[in-house]
Undergrad: 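Have a look at this one.
By convention in this document, chain letters (A, B, ...) are assigned in the order of the sequence lines, proteins followed by strands, and residues within each chain are numbered from 1.
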Amino acid sequence: MKHVPGALSGDPESGVKIPTRRALAKQQTRTKVLAAARRLFSEAGYEGATIRDIAAEAGMSTGAVFANFTDKSDLFREIMFADMAELAESMREAANRGRGVEDALLRAFSTGYAFYKSQLPLARAAFCVSWLPEEGVELRFSTAAKALRELITEQVQFAVERGELSQEAEVKLRGDMLFDAYLANYPEAIFLGWSLEALQAKARDQIRVILAGARRG
Amino acid sequence: MSIRKSQKEATRQRVLDAARDLFETQGYEETTVREIARRAEVAVGSVFTTFASKGDILSQVMADRLDELYAELDRVIPHLRGGVADRLRSLFAIHFAFETRRTKLFLAHIAAAFDWTLSPSTRPYGRNPRLRQVIRDCLIEGVNRGEISAHLDLEALLDALMGIYAWTYRLAAWEGADADQMSAVFDRQIGLLAEGFLPRA
């Protein structure tokens, strides 16, 4: 990424730990723009929200927005990365509280569905962008996106180590199947208005079907 | 059908034909609704009375294209050989091969399906009732032949297959995979599912 992430810790070259007033102001501007962008992406989707709208929502000029972000996809990525990193942590915590692999996976998936249930337009925009050939590249290959997929695979791996699933469980391939099935249920929530309970019930059945072959000796 | 209704239908078909030609020759991103209207010889306004957006037009073009695929499947299905896993593999391989004839268009269609501006009649990505029916029929036949345990939750298996199939196209979008590479991955995944649904000895 092109920005200075450590704006709050001041200029690293000056050796000063206290943030300069300028760095603080810059950070505040960024936070304001991100909050405005999040609101607009949630309401109007990715294509529907323009930089001009976002600037107006944040109460600043488009120039001020461009001083902090290269373009709209840059802004969108920043929001997605932050969300996915937070979500990955919550999903992992939820999974680690599970009793057995099926319960662990279901807890992780439910956490994901609950996270986006209150901001479905943003989830919809994220899916849209991630399939776009150009704009989607950085989102698809981000560490945050990979972490989500990996934490599911990790749960399958733990189950193999515990002896709950067979050694021939094909951890990576099966982890991908679980994660793909998890993602594929989002249209039910986005387009058909499914409840969290309905999503969980569907996910539970899918997890069983996908794990069934690895449970046999 | 009233004259007005049939005129509307004719306009709709002209727009779809023009859009398909333009999408295929110059690409989806590069085509504007204005160009589609010009080629279809209709006003831009009347395009928008029928379709909510360019993405909406693309979704309809892609849905119409499927008639060709299902005609092909109707011919092929009676000749499928092998166990239920192999029959499933063949059915999905035909889909991968079909959709990758126009990979760029298909990926644009997936992205557009998540776009904000779809009309209510547009089907979300991953909700193709004909594919679902073909796969369901194959599974039911598997149960009838004793290849799939009768205790299995068939709808859950169907959901898992459809979901995983839909997201296997990420390999095309993410990694530039072709139909054979996607089929190879999906074939192995069907194998893993099959270990779970084969009747217990």
Undergrad: Quick check: closest heavy atoms across B:Ala111 and A:Leu132, and the distance to 0.1 Å?
TA: CB-CD2, 3.6 Å
Undergrad: For A:Arg162, I'd like to know if atom CZ has over 12 heavy atoms of other residues, nucleotides or ligands within 6.0 Å.
TA: yes
Undergrad: With a 4.5 angstrom heavy-atom cut-off, which part of B:Ala166 approaches chain A: side chain, backbone, both or neither?
TA: backbone
Undergrad: Based on non-hydrogen pairs under 4.5 Å, which of A:Phe179, A:Tyr186, A:Phe127 is most in contact with chain B?
TA: A:Phe127
Undergrad: Mind telling me whether A:Trp131 and B:Trp174 have parallel, tilted or perpendicular rings, with 30° and 60° as the class edges?
TA: perpendicular
Undergrad: To the nearest 0.5 Å, how far apart are CD in A:Gln206 and CE in B:Met162?
TA: 11.5 Å
Undergrad: Measure distances from A:Tyr182 to the heavy atoms of chain B and classify the residue's part below 4.5 Å as side chain, backbone, both or neither.
TA: neither
Undergrad: May I ask you to check whether over 12 heavy atoms, not counting those of B:Arg101, lie within 6.0 Å of atom CZ?
TA: yes
Undergrad: Based on non-hydrogen pairs under 4.5 Å, which of B:Ala160, B:Gly126, B:Ala108 is most in contact with chain A?
TA: B:Ala160
Undergrad: Considering residues, nucleotides and ligands other than B:Glu30, do more than 12 of their heavy atoms fall under 6.0 Å from its CD?
TA: yes
Undergrad: Taking all non-hydrogen atoms of both residues into account, name the closest pair between B:Leu157 and A:Val209 and its distance.
TA: CD1-CG1, 3.6 Å
Undergrad: Could you go through B:Arg170 and A:Asp176, starting from their C-alpha distance and side-chain angles, then the distance that decides it, and tell me whether this counts as side-chain contact (heavy atoms from CB on, under 4.5 Å)?
TA: CA-CA 11 Å; B:Arg170 75 187 156 79; A:Asp176 278 344; 3.7 Å; yes
Undergrad: Give a yes or no on this: more than 12 heavy atoms of other residues, nucleotides or ligands lie within 6.0 Å of atom CZ of B:Arg188.
TA: no
Undergrad: Does atom CD of A:Glu89 have more than 12 heavy-atom neighbours, drawn from other residues, nucleotides or ligands, at distances under 6.0 Å?
TA: no
Undergrad: For A:Leu173 and B:Gln189, which heavy atoms make the closest approach, and how far apart are they?
TA: O-NE2, 3.5 Å
Undergrad: Distance check, rounded to the nearest 0.5 Å: B:Asp153 atom CG versus A:Asp205 atom CG?
TA: 5.0 Å
Undergrad: Has B:Lys104 got more than 12 heavy atoms of other residues, nucleotides or ligands less than 6.0 Å from its NZ?
TA: no
Undergrad: Does a side-chain heavy-atom distance below 4.5 Å link B:Phe114 with A:Pro187?
TA: yes
Undergrad: Measure the spacing between OG1 of B:Thr168 and CE of A:Met177 and express it to the nearest 0.5 Å.
TA: 9.0 Å
Undergrad: At their closest point, which heavy atom of B:Gly163 faces which heavy atom of A:Ala184, and how far apart are they?
TA: CA-CB, 3.3 Å
Undergrad: Against chain A, label B:Arg127 side chain, backbone, both or neither, depending on which of its atoms sit under 4.5 Å from a heavy atom there.
TA: side chain
Undergrad: If I compare all heavy atoms of B:Leu192 with all of A:Ala169, which pair ends up nearest, and what's the gap?
TA: CD1-O, 4.4 Å
Undergrad: What part of B:Tyr169 gets closer than 4.5 Å to chain A, counting heavy atoms only: side chain, backbone, both or neither?
TA: both
Undergrad: I'd like to know which of A:Ile210, A:Val137, A:Asn185, A:Leu183 tops the heavy-atom pair count under 4.5 Å against chain B.
TA: A:Leu183
